[in-house]
Amino acid sequence: GRRPPKHHFARTTVRKLPHILKERELKGLERCDKIFASAWLDAERVLVGTKDNQLIVWDVRRDTHTCLPSYLPEAEGARVDHCGIHSIALSPQGDIASG
(Lines give C-alpha, C1' and ligand atoms only; values in the text may rest on other atoms or scores of the structure.)
Protein backbone atom coordinates (compact mmCIF):
# COMPACT_ATOMS: atom_id res chain seq x y z
CA GLY A 1 0.00 0.00 0.00
CA ARG A 2 0.85 3.63 -0.25
CA ARG A 3 2.38 5.46 2.69
CA PRO A 4 0.60 8.60 3.89
CA PRO A 5 2.32 11.87 3.00
CA LYS A 6 4.82 13.29 5.51
CA HIS A 7 2.65 16.33 6.19
CA HIS A 8 -0.16 13.99 7.31
CA PHE A 9 2.15 12.44 9.93
CA ALA A 10 3.30 15.88 11.12
CA ARG A 11 -0.28 17.16 11.39
CA THR A 12 -1.37 14.08 13.35
CA THR A 13 1.64 14.34 15.69
CA VAL A 14 1.04 18.03 16.40
CA ARG A 15 -2.61 17.34 17.16
CA LYS A 16 -1.99 14.39 19.53
CA LEU A 17 1.30 15.31 21.23
CA PRO A 18 -0.12 17.85 23.73
CA HIS A 19 -2.49 15.18 25.07
CA ILE A 20 0.36 12.69 25.57
CA LEU A 21 2.70 15.03 27.47
CA LYS A 22 2.03 15.67 31.13
CA GLU A 23 3.12 18.69 33.12
CA ARG A 24 4.70 18.15 36.52
CA GLU A 25 6.59 20.31 38.95
CA LEU A 26 10.24 19.46 39.48
CA LYS A 27 11.28 18.66 43.04
CA GLY A 28 13.70 21.14 44.59
CA LEU A 29 12.44 24.15 42.66
CA GLU A 30 11.42 25.89 45.86
CA ARG A 31 15.11 26.94 46.16
CA CYS A 32 15.04 28.64 42.75
CA ASP A 33 13.39 31.98 42.11
CA LYS A 34 12.71 31.56 38.36
CA ILE A 35 14.14 29.64 35.42
CA PHE A 36 15.10 31.95 32.57
CA ALA A 37 16.96 29.62 30.18
CA SER A 38 17.28 25.93 29.42
CA ALA A 39 19.05 23.53 27.05
CA TRP A 40 18.77 19.78 26.73
CA LEU A 41 22.07 17.99 27.39
CA ASP A 42 20.71 14.60 26.28
CA ALA A 43 17.41 12.71 26.34
CA GLU A 44 17.31 12.63 30.16
CA ARG A 45 19.04 15.80 31.37
CA VAL A 46 18.23 19.46 30.93
CA LEU A 47 20.47 22.36 31.99
CA VAL A 48 18.63 25.37 33.42
CA GLY A 49 19.77 28.88 34.28
CA THR A 50 17.98 30.70 37.10
CA LYS A 51 17.24 34.26 38.14
CA ASP A 52 19.72 33.91 41.03
CA ASN A 53 22.59 32.96 38.64
CA GLN A 54 22.57 29.21 39.27
CA LEU A 55 23.21 26.56 36.63
CA ILE A 56 21.39 23.35 37.50
CA VAL A 57 21.33 20.01 35.70
CA TRP A 58 17.95 18.27 36.10
CA ASP A 59 17.65 14.55 35.45
CA VAL A 60 14.03 14.32 34.35
CA ARG A 61 13.78 10.52 34.64
CA ARG A 62 15.22 10.26 38.15
CA ASP A 63 13.77 13.62 39.26
CA THR A 64 17.12 14.71 40.72
CA HIS A 65 19.26 17.79 40.21
CA THR A 66 22.88 18.88 40.52
CA CYS A 67 24.00 22.50 40.97
CA LEU A 68 27.03 23.33 38.86
CA PRO A 69 29.78 25.42 40.46
CA SER A 70 30.30 28.97 39.26
CA TYR A 71 33.66 29.81 37.74
CA LEU A 72 33.39 33.57 38.13
CA PRO A 73 36.66 35.21 39.21
CA GLU A 74 35.11 36.89 42.26
CA ALA A 75 38.45 37.05 44.05
CA GLU A 76 39.78 39.29 41.26
CA GLY A 77 37.10 41.89 41.97
CA ALA A 78 34.78 40.99 39.10
CA ARG A 79 31.34 42.50 39.45
CA VAL A 80 28.51 39.96 39.55
CA ASP A 81 25.08 41.32 38.70
CA HIS A 82 22.12 39.42 40.03
CA CYS A 83 19.98 39.64 36.92
CA GLY A 84 20.07 35.90 36.26
CA ILE A 85 21.16 33.56 33.49
CA HIS A 86 19.15 34.41 30.38
CA SER A 87 20.94 32.27 27.78
CA ILE A 88 22.70 28.92 27.60
CA ALA A 89 24.78 27.58 24.71
CA LEU A 90 26.38 24.17 24.32
CA SER A 91 29.26 23.36 22.00
CA PRO A 92 29.45 20.02 20.15
CA GLN A 93 32.27 19.08 22.57
CA GLY A 94 29.96 19.64 25.56
CA ASP A 95 31.34 23.00 26.74
CA ILE A 96 28.77 25.24 28.41
CA ALA A 97 28.47 29.01 28.04
CA SER A 98 25.87 31.07 29.89
CA GLY A 99 25.00 34.70 30.27
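It should be emphasised that the depicted structure is a prediction, and the values quoted were computed from it without experimental measurement.
- H65 contributes atom NE2, which lies 13.0 Å from atom CG of L47 (distance to the nearest 0.5 angstrom).
- Of the inter-residue distances, the one linking W40 atom CH2 with I88 atom CD1 reads 12.5 Å to the nearest 0.5 angstrom.
- With sequence neighbours left out, D59 forms a side chain to side chain contact (heavy atoms under 4.5 Å, CB included) with E44, R45, R61, R62, T64.
- Closest approach of L90 to A39, counting heavy atoms only: CD1-CB, 4.0 Å.
- With sequence neighbours left out, T66 forms a side chain to side chain contact (heavy atoms under 4.5 Å, CB included) with no residue at all.
- Here the CD1 atom belonging to I85 is positioned 3.5 Å from the CG atom belonging to L55, to the nearest 0.5 angstrom.
- With sequence neighbours left out, S38 forms a side chain to side chain contact (heavy atoms under 4.5 Å, CB included) with V46, V48.
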